[in-house]
Amino acid sequence: MTNSAESFKAPRGLRVLRGDELRFTGHPSEPGEGVSVASFPTAEHGASHLSVALIDLAPGATVRGHRHPFEESFYVLDGTPLVAIADGSYALAPDDFGLVPLGFGHAWSNPSQHRARLLRIHAPQPRPIGGAGEWGVFDAPETTAPTAGRPVDELDPSKPFAGHFAQSDMAPPGSISMPGYHGANVQNVQIRMMVDELLGARHHAMFIVQFQPNSGGVVAKTAKEHFHPFDEVYYVVSGETKSFCDGDTDVARVGDLIFAPVGASHGFAPLGDDPLRWIEVQSPLPPASGGFTFHNDWATQVNIG
């Protein structure tokens with residue numbers, strides 16, 4: 001039996017998808033007026049568990065009530081949109097986030113005079129179902145585009161599907177500790193969980209990751225190269241990073257999306273003087289342990305091949 005590097009068929013590798021190359025158009029995943037969608041082409045590069053897009057809501061935009069057989073999460077990048085989820089309505093602001101559980105009716109509006117922009121995640125990856133077209137979107141007439149809502153309050157048990165990120169939420173930098181992995185292979189990091197099982201998600205997680213700048217201009221890997229059995233994306237909102245993938249390198253900046261499909265090797269080193277911060281998404285949810293394989297952990301093992 002052959003057991004050699006030559007017999008290994010590498011998965012699709014890490015990709016940096018440029019935000020300035022996106023084009024906004026109308027899209028059946030957001031049925032309404034004044035809404036446009038710019039989808040990152042993750043499926044074309046091997047995604048099997050999620051889809052990622054930016055959503056623009058023009059002043060006066062509405063998205064009528066709809067539901068679908070997959071989860072949706074969002075992060076407000078700009079503006080003050082309203083969202084109705086089931087029987088509750090939220091008045092959102094930048095850095096608010098939320099979850100639409102699988103099958104829940106939801107609708108959007110933007111009564112402001114300014115554009116609103118969201119990062120939107122669907123997981124599992126949408127597909128045709130029940131005659132609902134390519135994106136599996138169904139009408140939810142009982143949920144109407146909201147005209148008002150209450151601000152996000154994570155202490156309000158009657159409004160369980162939204163929260164707010166603030167820099168003060170961050171613990172001091174240190175080694176990574178999160179569901180699926182903790183240890184020294186990822187250093188100088190701060191994490192704030194947002195959409196996860198505690199919020200009601202079953203198919204994906206979304207959280208903020210922040211790395212402090214490397215000192216003295218040194219390009220050092222604060223996240224050592226690794227791979228795992230789930231799709232992962234990183235939407236950069238601050239700073240820039242050098243990425244590593246099986247000997248290849250690239251640079252990602254604010255507005256870019258880094259995509260690591262199942263099995264793709266990847267590691268990172270912050271560049272510049274600003275903290276590196278991204279919105280990270282994993283789908284499906286990582287196993288409780290053994291979900292991250294770091295190359296250096298196995299470098300000293302004896303090869304019998």
K.L.:
Can you check whether D273 reaches P213 side chain to side chain, under 4.5 Å on heavy atoms?
P.N.:
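In short, these two side chains do not touch, never coming nearer than 4.5 Å.
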K.L.:
Start with the C-alpha distance between V233 and I258, add both sets of side-chain angles, then the distance that settles side-chain contact (heavy atoms from CB on, under 4.5 Å), and finish with yes or no.
P.N.:
CA-CA 6 Å; V233 296; I258 307 168; over 6 Å; no
K.L.:
Does D20 CG have over 12 foreign heavy atoms under 6.0 Å away?
P.N.:
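Yes, enclosed.
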K.L.:
Suppose we screen for side-chain hydrogen bond (donor to acceptor under 3.5 Å, both in side chains). Which residues come up paired with E33, at least two apart in sequence or across chains?
P.N.:
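Not a single residue meets the side-chain hydrogen bond (donor to acceptor under 3.5 Å, both in side chains) criterion with E33.
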K.L.:
Nearest 0.5 Å please: distance from the OG1 atom of T62 over to the CG atom of L82.
P.N.:
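The distance works out to 11.5 Å.
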K.L.:
When rounded to the nearest 0.5 angstrom, what distance separates CD in E240 from CZ in R253?
P.N.:
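Here the rounded value is 5.0 Å.
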K.L.:
Under the side-chain hydrogen bond (donor to acceptor under 3.5 Å, both in side chains) test, which residues partner R202, sequence neighbours left out?
P.N.:
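For R202 there are no side-chain hydrogen bond (donor to acceptor under 3.5 Å, both in side chains) partners, ignoring immediate neighbours.
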K.L.:
I'd like to know whether the aromatic ring centres of W278 and F268 sit less than 6.0 Å apart in this structure.
P.N.:
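Close enough - the centres of the two rings lie under 6.0 Å apart.
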K.L.:
Taking all atoms of both residues into account, what is the closest heavy-atom pair of T80 and S112, and its distance?
P.N.:
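Of all heavy-atom pairs spanning T80 and S112, the closest is OG1-CB, 3.7 Å.
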K.L.:
Evaluate whether atom CD of Q113 has more than 12 neighbouring non-hydrogen atoms of other residues, nucleotides or ligands under 6.0 angstrom away.
P.N.:
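No, because the 6.0 Å sphere around CD of Q113 holds 12 heavy atoms or fewer from other groups.
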K.L.:
Within the 4.5 Å heavy-atom criterion, are T241 and L271 side-chain neighbours or not?
P.N.:
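The answer is no, as the side chains (C-beta and beyond) never meet within the 4.5 Å cut-off.
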K.L.:
What is the minimum heavy-atom distance between G136 and P69, and which atoms define it?
P.N.:
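Reported closest heavy-atom pair: O-CD, 3.2 Å.
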K.L.:
Given a cutoff of under 4.5 Å between side-chain heavy atoms of I, L, V, M, F, W and Y, with clusters grown through shared members, what are the other residues clustered with F227?
P.N.:
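Members other than F227 - counting any ILVMFWY side chain reachable under 4.5 Å - there are none.
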K.L.:
Please walk me through it: do F207 and F165 pass ring pair (Phe, Tyr, Trp, His ring centres under 6.0 Å)?
P.N.:
CA-CA 9 Å; F207 47 98; F165 167 73; over 10 Å; no
K.L.:
Nearest 0.5 Å please: distance from the CG atom of L14 over to the CD atom of E225.
P.N.:
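The CG atom of L14 sits 9.0 Å away from the CD atom of E225.
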K.L.:
If you measure from CG on L257 to CG on L22, what distance do you get to the nearest 0.5 Å?
P.N.:
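Rounded to the nearest 0.5 Å, the CG-CG separation comes to 8.5 Å.
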K.L.:
Using the salt bridge (Lys or Arg N to Asp or Glu O under 4.0 Å) criterion, which residues pair with D297? Sequence neighbours excluded.
P.N.:
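D297: no salt bridge (Lys or Arg N to Asp or Glu O under 4.0 Å) contacts found.
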K.L.:
Between the side chains of T42 and R15, is a donor N or O closer than 3.5 angstrom to an acceptor N or O?
P.N.:
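There is no such pair (donor and acceptor under 3.5 Å, judged by atom type) between the side chains of T42 and R15.
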K.L.:
Looking only at heavy atoms, what is the nearest atom pair of P229 and G291, with distance?
P.N.:
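Shortest heavy-atom separation between P229 and G291 comes out as CD-O, 3.1 Å.
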K.L.:
Quick one: ring-ring contact (aromatic ring centres under 6.0 Å, His included) pairs with a partner in residues 67-89, sequence neighbours left out?
P.N.:
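Residue pairs passing ring-ring contact (aromatic ring centres under 6.0 Å, His included), neighbours aside: H66-H68, H68-F70, H68-H106, H68-H122, F70-H122, F74-W108.
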K.L.:
Can you check whether D231 reaches F259 side chain to side chain, under 4.5 Å on heavy atoms?
P.N.:
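SC-SC contact between D231 and F259 confirmed.
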K.L.:
Hey, does the side chain of E71 reach the backbone of H203 with a donor-acceptor pair shorter than 3.5 angstrom?
P.N.:
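Answer holds: yes.
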K.L.:
Please walk me through it: do M170 and I208 pass side-chain contact (heavy atoms from CB on, under 4.5 Å)?
P.N.:
CA-CA 9 Å; M170 292 293 207; I208 292 282; 3.2 Å; yes
K.L.:
Minimum heavy-atom separation for D139 and G65, please, with both atom names.
P.N.:
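Taking D139 first and G65 second, the nearest heavy atoms are OD1-O, 3.3 Å.
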K.L.:
Could you check whether atom NE2 of H295 has more than 12 heavy atoms from other residues, nucleotides or ligands sitting under 6.0 Å from it?
P.N.:
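Enclosed.
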K.L.:
Quick one: are L54 and L118 in side-chain contact, heavy atoms under 4.5 Å?
P.N.:
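They are not in contact (no side-chain heavy atoms under 4.5 Å apart), so the answer is no.
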K.L.:
With respect to V35, which candidate in D56, N110, L57 satisfies the side-chain contact (heavy atoms from CB on, under 4.5 Å) definition?
P.N.:
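When side-chain contact (heavy atoms from CB on, under 4.5 Å) is applied between V35 and each of D56, N110, L57, only L57 qualifies.
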K.L.:
For residues 96-103, tabulate all N or O donor-acceptor pairs below 3.5 Å that involve a side-chain atom, not counting sequence neighbours.
P.N.:
{"from": "D96", "atom 1": "OD1", "to": "H164", "atom 2": "ND1", "distance (Å)": "2.7"}
{"from": "D96", "atom 1": "OD2", "to": "A93", "atom 2": "N", "distance (Å)": "2.7"}

K.L.:
Under the rule for side-chain hydrogen bond (donor to acceptor under 3.5 Å, both in side chains), what residues qualify as partners of Q125, not counting sequence neighbours?
P.N.:
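Applying side-chain hydrogen bond (donor to acceptor under 3.5 Å, both in side chains) to Q125 gives none.
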K.L.:
Take S29 and R120 through the side-chain contact (heavy atoms from CB on, under 4.5 Å) test and state the conclusion after the steps.
P.N.:
CA-CA 11 Å; S29 64; R120 185 198 69 190; 2.9 Å; yes
K.L.:
Within the distance-only criterion (no hydrogens, no angle test), does the side chain of Y90 pair as donor or acceptor with the backbone N or O of G163 below 3.5 angstrom?
P.N.:
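No: the side chain of Y90 does not pair with the backbone of G163.
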K.L.:
Using the side-chain contact (heavy atoms from CB on, under 4.5 Å) rule, take H204 and E72 through it: C-alpha gap first, then chi angles, then the decisive distance, then the call.
P.N.:
CA-CA 9 Å; H204 76 297; E72 177 176 318; over 6 Å; no
K.L.:
Not counting sequence neighbours, list each pair that qualifies as a ring-ring contact (aromatic ring centres under 6.0 Å, His included) and has a residue in residues 126-148.
P.N.:
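Output for this query lists H27-W135.
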K.L.:
Is the shortest side-chain N to carboxylate O distance from R115 to D78 below 4.0 Å?
P.N.:
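Judged by the 4.0 Å cut-off on N to carboxylate O distance, R115 and D78 do form a salt bridge.
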K.L.:
Answer with yes or no whether the side chains of S158 and R150 bring together a donor and an acceptor at under 3.5 Å.
P.N.:
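Distance-only check passes for R150 and S158.
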K.L.:
I'd like to know if the side chain of E280 and the backbone of M206 have a donor-acceptor N/O pair within less than 3.5 Å.
P.N.:
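Between the backbone of M206 and the side chain of E280 there is no qualifying donor-acceptor contact (under 3.5 Å).
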K.L.:
To the nearest 0.5 Å, what is the distance between OG (S283) and CD (E232)?
P.N.:
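Going from the OG atom of S283 to the CD atom of E232 covers 11.0 Å.
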K.L.:
Mind listing the closest non-hydrogen atom pair of A148 and S89 along with its distance?
P.N.:
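Nearest heavy atoms, A148 then S89: O-CB, 3.4 Å.
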K.L.:
For T249, give me all partners under side-chain hydrogen bond (donor to acceptor under 3.5 Å, both in side chains), at least two apart in sequence or on another chain.
P.N.:
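Checked T249 against side-chain hydrogen bond (donor to acceptor under 3.5 Å, both in side chains); zero matches.
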K.L.:
Is the side chain of D196 donor-acceptor paired with the backbone N or O of L199 at a distance under 3.5 Å, no angle test?
P.N.:
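Yes, D196 side chain to L199 backbone: donor-acceptor pair under 3.5 Å.
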K.L.:
Quick one: name the residues clustered hydrophobically with W298, using the 4.5 Å side-chain heavy-atom rule over I, L, V, M, F, W, Y, and just say none if it's on its own.
P.N.:
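Members other than W298 - counting any ILVMFWY side chain reachable under 4.5 Å - there are none.
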K.L.:
Side chains of H49 and V262: closer than 4.5 Å at any heavy-atom pair?
P.N.:
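Yes - at least one pair of side-chain heavy atoms lies under 4.5 Å apart.
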K.L.:
Are V186 and F294 packed together at the side-chain level, in the sense that at least one heavy-atom pair is separated by less than 4.5 angstrom?
P.N.:
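They are in side-chain contact.
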K.L.:
Rounded to the nearest 0.5 Å, how far apart are OH of Y235 and CG of L77?
P.N.:
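Result: 5.0 Å between the selected atoms.
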K.L.:
Are any non-hydrogen side-chain atoms of S243 and V16 less than 4.5 angstrom apart?
P.N.:
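When only atoms from C-beta onward are counted, V16 and S243 do touch, with a gap below 4.5 Å.
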K.L.:
Yes or no on salt bridge (charged side-chain N to carboxylate O under 4.0 Å, His left out) for D153 and K159, after CA distance, side-chain angles and deciding distance?
P.N.:
CA-CA 7 Å; D153 180 358; K159 293 287 189 292; over 6 Å; no
K.L.:
Report the residues that fulfil salt bridge (Lys or Arg N to Asp or Glu O under 4.0 Å) with D256, sequence neighbours left out, ordered by chain and then residue number.
P.N.:
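With sequence neighbours excluded, D256 shows a salt bridge (Lys or Arg N to Asp or Glu O under 4.0 Å) to R18, given in chain and number order.
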K.L.:
Do you see a donor-acceptor pair shorter than 3.5 Å between the side chains of H228 and T293?
P.N.:
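There is no such pair (donor and acceptor under 3.5 Å, judged by atom type) between the side chains of H228 and T293.
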K.L.:
With E154, which residues qualify under salt bridge (Lys or Arg N to Asp or Glu O under 4.0 Å), at least two apart?
P.N.:
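E154 satisfies salt bridge (Lys or Arg N to Asp or Glu O under 4.0 Å) with R192 only.
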K.L.:
What closest approach, in Å, do A260 and Y234 show between heavy atoms, and which atom pair accounts for it?
P.N.:
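For A260 and Y234, the tightest heavy-atom pair comes out as CB-CE1, 4.5 Å.
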K.L.:
Please check: side-chain N/O of S39 versus main-chain N/O of A53, any donor-acceptor pairing under 3.5 Å?
P.N.:
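Here the side-chain-to-backbone pair does not exist.
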K.L.:
Is the closest basic N to carboxylate O distance between R67 and E142 below 4.0 Å?
P.N.:
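E142 and R67: salt-bridged.
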K.L.:
Are S265 and H226 packed together at the side-chain level, in the sense that at least one heavy-atom pair is separated by less than 4.5 angstrom?
P.N.:
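With C-beta onward as the side chain, the pair stays apart.
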